Structures are given as C-alpha cells and as structure tokens.
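As the structure is a computational prediction, the values presented were derived from the model and not from experiment.
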Amino acid sequence: HQINSRGTGYLGSGKLDGQGIPADFFSDVNVRKGFAYAFDYDAFIKQVLQGNGVQANSILVAGLAGAEDGSSLKYSLDPAQSAQFFKRAWNGAVWEQGFSLPAFFNSGNTTRQRALEILRQGLLKINPKFKLEVREIAFSLLSAQSAANQIPLFMGGWGADFADLHSFAQPFLASSGNYPRNIVYKSPQLDRLIAQALASTNPAQRSSLYRQIAQIGFDETPTIPIYQPKDNYVQSEKVKGRVFNPIYSGDYFYPISLEN
C-alpha cells in the first residue's frame, strides 16, 4: 500500500493536512475499513445495476465449488462504524485533518463512475473533510499507472479465467496477483494458504482453505469487492440442449438442437 505518484501529482500535498494524502495512506487498515463501510451497496445494486447484480465482498463468488458461505462476508453502509475506523486511522489525524485524493475509472465506464460517485457522497456525509475527486482516464493509462503503483484509488473488474475459486483468490489476494501488485500488498500467510488450496485435490479441504483465505481478505481489506453481476439470456422454447458457458459468455453449440 505504497503509492508512487512521482510526476502525477495524485497525492496532492503528500501529507495528512486535508489537501492530499501521504504515499502510505492506505497502509493503515482502519483507512481501508473506513472506506468499506462508507459505500452504499444497496443503492448501487438497485439504482445503477437495476438489480442485475448481487453484493459480493470476498473472493467466494456464488456458483463456484467452495463458495457456499460467501454471503456471510459482507460490508454494509454503516456511517457510524466507518467513522469509528476513520477516527482510529493514523492516530486520529485522518478524522481531524481529512484528506483529498482522486479516484479513477476507465473512460466510458459509467457503472464504475457511478460507483465512485456513490463512494464520494458516502464519505462526505461521514466527514465533510473527506474529499474524493472522481476522474475519468483512458483505460490504457489506467492500466499502465496502476501497474506502476501510481494511482491512489481506482475501480476495476475481474472475470475468471476458469471456473474455480483460485481464479479469484490469486488475482485479488496473492502477492503475485494482478491487484496486489498494483497496490503493493503482500501477505505471506495468504500466499501460503492460496498455494495449499491450489495444490489440494480434496474438495472439503479446498473449501476450508478458501474460507480461511476469504476471511483474511475480508478482515484486512486490501481491496473492496463490491458486486457480482447477473446476466439475462433469452431463447426460444424450441431450443433444447443449450449449455451456457459463463466464463466466456458463450454457448457450447454441439448439444443444441431445435424442436419443431
């Protein structure tokens, strides 16, 4: 959680003086928890997604083996709890001085834009000294600057490469994963558990390991997972044998037939 903003100006003053943030601002777990409880998940799903999504705040993605208990790991919009975390952050300096930082989304992605605006509004209600500036940026630049650890806060997404919880645990929580590299997050304990879960061939053991991984990720909050999308697909009643592939959003065509 060390931001390298050399040449970008994203840290503002670079201090906890209300005009910016220090480079290690998010290294305090209380800051991360404060953000997690400042977001209105229900409003986002109802108003922005129009109900086409479910709240998901961990790597336990519904529908995958071992993810049965994922619904119990949820944050909520809780201004009082968020305020308590912020008051503990950096020995009270965050609450007293406030902060100012930009939050980025990739150009044209209005869903992510709206999410960040909801977060901005939630933070202002908790403390008017909490200032979040929502900025649009080209996807190529967002990818390059996040990979260089230059962006303080951004919203992204992830689609599984294969239908297994490893395809979420590794990119979100392993030190070699996409997002941990972008935010300089390392947990030897999580690396060990993720490696054990990947190597195990025992379904019960894997479920137990992924539950531990998800709990640690939820408690430490290196990132804030928000939602799992739901999609609608339409077909004629005459179409039989359709087996949809959710990973690649396509069909296996061989078993499909059409009845008259």
Side-chain angles (χ1 to χ4, degrees), residues 1-3 5 8-49 53 55-58 73-106 109-137 142 145-146 150-157 179 182-183 185 217-227:
H1 297 88
Q2 182 77 22
I3 304 164
S5 69
T8 66
Y10 294 160
L11 296 183
S13 65
K15 303 175 182 178
L16 274 178
D17 57 2
Q19 304 303 315
I21 57 170
D24 57 354
F25 179 65
F26 286 103
S27 65
D28 188 327
V29 67
N30 292 298
V31 172
R32 306 195 298 271
K33 288 291 190 180
F35 273 78
Y37 287 102
F39 187 79
D40 193 336
Y41 300 91
D42 290 339
F44 174 74
I45 290 172
K46 292 176 182 177
Q47 298 173 15
V48 180
L49 300 182
Q55 183 179 343
N57 299 145
S58 79
L73 295 178
K74 284 187 177 180
Y75 306 114
S76 61
L77 174 62
D78 191 331
Q81 190 168 4
S82 176
Q84 289 302 311
F85 281 117
F86 278 126
K87 288 176 180 178
R88 290 196 290 264
W90 292 105
N91 296 318
V94 172
W95 185 260
E96 293 298 326
Q97 300 296 330
F99 56 80
S100 177
L101 75 152
F104 294 87
F105 69 95
N106 54 296
N109 196 315
T110 56
T111 299
R112 294 175 185 174
Q113 178 183 9
R114 292 283 304 281
L116 291 175
E117 289 171 349
I118 289 173
L119 177 60
R120 178 177 60 83
Q121 293 168 2
L123 290 168
L124 280 174
K125 290 179 180 179
I126 292 166
N127 188 330
K129 297 178 182 178
F130 295 170
K131 301 172 184 177
L132 197 70
E133 180 189 351
V134 179
R135 293 189 190 180
E136 184 174 14
I137 190 173
L142 177 62
Q145 290 189 338
S146 60
Q150 293 178 320
I151 296 186
L153 182 65
F154 66 95
M155 184 170 178
Y179 287 107
N182 290 347
I183 61 176
Y185 173 75
F218 183 82
D219 292 339
E220 294 194 357
T221 325
T223 62
I224 305 173
I226 295 176
Y227 76 102

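Contact record, I224 with T221: CG1-CG2, 3.8 Å, taken as the closest heavy-atom pair. Of all the heavy atoms in A93 and L16, the pair that sits closest is CB-CD1, 3.9 Å. Annotation for P152 and L101: closest pair CB-CD1, 3.9 Å, computed over non-hydrogen atoms. The minimum heavy-atom distance between D219 and K33, with the atom names listed, is O-CE, 2.9 Å. Smallest separation of non-hydrogen atoms from S82 and G34: OG-O, 2.7 Å. Of all the heavy atoms in D28 and A89, the pair that sits closest is OD2-CA, 3.4 Å.
Side chain of R135 to backbone of P102: no donor-acceptor contact under 3.5 angstrom is found. In this structure a side-chain-to-backbone donor-acceptor pair under 3.5 Å is missing from R114 to F44. A side-chain donor-acceptor contact under 3.5 Å links N57 to the backbone of Y75. Between the side chain of S100 and the main chain of G20, no donor-acceptor pair closer than 3.5 Å is present. Listed for the N109 side chain is a donor-acceptor partner under 3.5 Å among the backbone atoms of R112.
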Steps toward ring-ring contact (aromatic ring centres under 6.0 Å, His included) verdict (Y179, Y185): CA-CA 8 Å; Y179 287 107; Y185 173 75; over 10 Å; no

Determine whether L77 and D42 satisfy the following criterion, side-chain contact (heavy atoms from CB on, under 4.5 Å), listing intermediate values before the conclusion. CA-CA 8 Å; L77 174 62; D42 290 339; over 6 Å; no

Would you please test Y10 and Q145 for side-chain contact (heavy atoms from CB on, under 4.5 Å) and show each step? CA-CA 11 Å; Y10 294 160; Q145 290 189 338; 2.7 Å; yes

I118 vs Y41, side-chain contact (heavy atoms from CB on, under 4.5 Å): CA-CA, chis, key distance, verdict: CA-CA 9 Å; I118 289 173; Y41 300 91; over 6 Å; no

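How far CD1 of I21 is from CD1 of I3: 4.0 Å, rounded to the nearest 0.5 Å. With values rounded to the nearest 0.5 angstrom, F85 atom CZ is found 11.5 Å from I126 atom CD1. Atoms CG and NZ, on L123 and K131 in that order, are 13.0 Å from each other to the nearest 0.5 Å. From F39, atom CZ reaches atom CD of Q55 across 9.0 Å, with rounding to the nearest 0.5 Å. In this structure, L153 CG and L116 CG are separated by 6.5 Å, a value rounded to the nearest 0.5 Å. Interatomic distance, F26 CZ to R32 CZ, rounded to the nearest 0.5 Å: 9.5 Å.
Contact check for S27 versus W90: side-chain heavy atoms found under the 4.5 Å cut-off. I226 is listed as a side-chain neighbour of M155, based on a closest heavy-atom distance under 4.5 Å. Contact of the N182 side chain with the F154 side chain is registered, since non-hydrogen atoms from C-beta on lie closer than 4.5 Å.
Ring geometry for F86 against F35 counts as perpendicular: the plane angle is over 60°, on a 0 to 90° scale with 30° as the lower cut.
Atom CG of N91 is surrounded by 12 or fewer heavy atoms from other residues, nucleotides or ligands within 6.0 Å. Atom NZ of K15 has 12 or fewer neighbouring heavy atoms from other residues, nucleotides or ligands inside a 6.0 Å radius. More than 12 heavy-atom neighbours from other residues, nucleotides or ligands sit within 6.0 angstrom of NZ on K129.
Remark: aromatic rings of F130 and W95 are close, center separation under 6.0 Å.
Taking the centre and axis of the six-membered ring of Y227, the NZ or CZ atom of K74 falls outside the cone set by 45° and 6.0 Å.
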